[in-house]
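Reading through the structure tokens given below for one structure.
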Amino acid sequence: MRQGLIVAVAGMFLLAGGMVGCGTSSTQEKEDLIVVDVSKDYPKKELILQDLFDVEYIPLETTDEFVTLGWLQAIGKDVMIVRNMWAVDGDIFIYDRNGKAIRHINRKGQGNEEYSSTSGIYLDDEKGEMFVGNRDGGNVLVYDLYGNFKRSFKFKDNGFEDFGALYQPLYNFDKEHFIGQDANSGRIFNFNDKSEDLEPRNLFLLISKQDGSVAKEIEISFEKKVSQVLFAEKGIGRVTTPCIAPYHDRWLLTEPSCDTVYTYSSAEGLKPFIVRTPSIQSMSPEVFLFPGVVTDRYCFMQTVKKELNLAMMDTYYRLMRTDLVYDRETKEVSEYVLYNDDFTKEVPIANLVDEIFDLTVFNNDEIAFTWRINTPELVEAYQEGHLKGKLKEIAAGMHEEDNPVIMVAKYKR
């Protein structure tokens, strides 16, 4: 088990029809659905990354101008966009698909065409446009891939005038719209008097790329809003796992107060995908379920129990988390550990759901996810003789201060 608490900041912009109830559709056979009992303890299972995915390693070139912590924002047909974690420097790095440095952009400033700090970057590959979130300004600036300003807008109609719109995460839906999670929905609370506004707002929306307006609210009904905040004598915990996960050309949508996880697409709308038991409405403490990376055979998930772990109170991760995987072939649920076989010493990948600084999940038919491998740990593993294959070749020419290596996990063909 791990723990989790990450506090979202108002104004952050992170990239990456009809009423539907929490029950399953009567037209969908029960055996088509994934059913998970979140109250059970499951047997442990070890998985090897290379058995599930085709793996590619891309070392990010390091020069005097290109020094980055390597938080990958997007991969296009020809380019990758990278920024630093907290991004107060305003740096945006453009690399090609082989990791060769192409362009270093920085439009940090106080002007109308500039941002004070970046808080997420989305790439429109067809139009060659970058949508850059401006954390302090609460707006989005659009540039071409050379850093030339094209337009800007603010997100609208979120209903919280004092806080501004906050969509986290945000993904490309089609040529004209993003699909986003309203991070303000049911999350306005006061730490001082331990009160919380649980207004049952719709969590998922389609948002215009042109002016930031809400084009559509995706309605998922539930009995009552379940609080994702824990106020305890020893501290405060909060469930902040993203409720949107890309899945090929669809999106997995998790309304934490509902017992059904849905897929959503423009062609099919909402379709039940996972049913969790027992009902979230009947649990105390509640155990939430969130899906992450999905393949033809495996669905990686994570449960989050609204319970503090006092041994971890010095970190942001305060709520108990368990990593689960559902095997569609055997129809079994297991608690898993995923190992990278290019390390001769067992090195687990933390999880495939919520590692926000290392994991990037994609919604296309090629790439399932990417993972950032920090250079110091890679160099240390090489020096101790714990690497093999292509990763060993890359690490042989690296120094501890070099930029990270991006691991790309592709669906097996």
Side-chain angles (χ1 to χ4, degrees), residues 2 4 6 14-16 46-62 68-76 79-85 93 95 97-99 120-121 123 169 171 241-242 245-248 290-295 298-302 317 321 323-325 336-382 386-395 398 402-412:
R2 290 190 312 109
I6 299 176
L14 291 182
L15 301 177
E46 294 184 355
L47 297 171
I48 302 300
L49 177 72
Q50 284 77 5
D51 292 341
L52 280 59
F53 304 96
D54 293 326
V55 177
E56 174 188 357
Y57 298 104
I58 304 175
L60 299 178
E61 182 181 4
T62 307
T68 174
L69 294 174
W71 193 4
L72 181 69
Q73 302 292 283
I75 292 184
V79 300
M80 301 190 298
I81 300 177
V82 173
R83 72 179 179 95
N84 291 326
M85 245 64 81
F93 302 96
Y95 287 88
R97 285 291 300 266
N98 296 315
I121 303 169
L123 170 68
Y171 294 100
T241 307
Y247 174 39
H248 287 295
F290 301 95
V293 173
V294 178
T295 72
Y298 294 104
C299 177
F300 293 91
M301 299 171 285
Q302 189 177 82
Y317 294 94
R321 293 179 182 255
D323 298 322
L324 301 177
V325 63
Y336 75 93
V337 179
L338 180 65
Y339 292 108
N340 186 341
D341 197 44
D342 288 325
F343 288 81
T344 59
K345 180 181 179 181
E346 290 186 337
V347 176
I349 293 177
N351 72 81
L352 296 184
V353 178
D354 76 328
E355 291 292 328
I356 62 171
F357 292 134
D358 295 324
L359 175 71
T360 305
V361 187
F362 290 87
N363 57 318
N364 61 47
D365 291 328
E366 179 192 13
I367 300 173
F369 69 93
T370 64
W371 191 274
R372 180 176 61 102
I373 305 177
N374 293 313
T375 309
E377 64 187 61
L378 192 60
V379 171
E380 180 181 357
Y382 172 76
H386 295 314
L387 297 180
K388 61 183 180 179
K390 183 63 176 178
L391 192 58
K392 180 179 179 179
E393 294 177 18
I394 291 172
M398 297 188 71
D402 285 346
N403 290 331
V405 172
I406 302 299
M407 183 188 78
V408 181
K410 300 179 179 180
Y411 296 109
K412 282 188 175 294

Ion pair present between D341 and K388, side-chain N to carboxylate O less than 4.0 angstrom? yes

Are M80 and T370 side-chain neighbours, meaning at least one heavy-atom pair lies under 4.5 Å? no

What is the minimum heavy-atom distance between L72 and I406, and which atoms define it? CD2-CG2, 4.1 Å

To the nearest 0.5 Å, atom CG of L69 lies from atom CZ of R83 at 11.0 Å

Heavy-atom closest pair, residues D323 and A350: OD2-O, 3.3 Å

To the nearest 0.5 Å, how far apart are CD in E46 and OH in Y336? 13.5 Å

Note, V55 side chain near M407 side chain (heavy atom, < 4.5 Å): yes

Interatomic spacing from OG1 in T241 to CG in D354 - rounded to 0.5 Å: 5.0 Å

Heavy-atom nearest pair, P404 first then I373, reads CB-O, 3.4 Å

For the residue pair F369 and W371, categorise the inter-ring angle as parallel (less than 30°), tilted (30 to 60°) or perpendicular (more than 60°). perpendicular

Look at the side chain of Q302 and the backbone N and O of V353, then say whether any donor-acceptor pair between them is shorter than 3.5 Å. no

Crowding at NZ, K412 (>12 non-hydrogen neighbours, <6.0 Å): yes

Side chains of E346 and V337, heavy atoms from C-beta outward: is any pair under 4.5 Å? no

Which heavy atom of A381 sits nearest to which heavy atom of F343, and what is that distance? CB-CE2, 3.9 Å

Y298 and L47: CA distance, side-chain angles, deciding distance, side chain to side chain contact (heavy atoms under 4.5 Å, CB included) verdict: CA-CA 11 Å; Y298 294 104; L47 297 171; 4.2 Å; yes

Name all residues meeting the ring pair (Phe, Tyr, Trp, His ring centres under 6.0 Å) criterion together with Y382; count only those two or more places apart in sequence or in a different chain, and write none if there are none. none

Any side-chain heavy-atom pair from L338 and V325 closer than 4.5 angstrom? no

Just do the side chain to side chain contact (heavy atoms under 4.5 Å, CB included) check on D342 and K390 with the steps written out, would you? CA-CA 8 Å; D342 288 325; K390 183 63 176 178; over 6 Å; no

As an exercise, state the distance from CG of N403 to CG of N374, rounded to the nearest 0.5 Å. 11.0 Å

Cut-off 3.5 Å, side chains only: do Q50 and N340 have a donor facing an acceptor? yes

Please list all pairs passing the salt bridge (charged side-chain N to carboxylate O under 4.0 Å, His left out) test where one or both residues lie in residues 368-382, with sequence neighbours left out. D358-R372

Could you walk me through whether L378 and L391 pass the side chain to side chain contact (heavy atoms under 4.5 Å, CB included) test, one step at a time? CA-CA 9 Å; L378 192 60; L391 192 58; 3.8 Å; yes

Pair F93-N84, side chain to side chain contact (heavy atoms under 4.5 Å, CB included): steps then yes or no: CA-CA 9 Å; F93 302 96; N84 291 326; 4.3 Å; yes

Spacing of E393 atom CD and Y57 atom OH [to the nearest 0.5 Å]: 12.0 Å

Can you tell if the side chain of L52 reaches within under 4.5 Å of the side chain of T295, non-hydrogen atoms only? no

Interatomic spacing from CD1 in I367 to CD in E56 - rounded to 0.5 Å: 8.0 Å

Of all heavy-atom pairs linking F53 and A368, the shortest is CE2-CB, 3.6 Å

Give the minimum heavy-atom separation between V294 and C299, together with the two atoms involved. CG2-SG, 3.9 Å

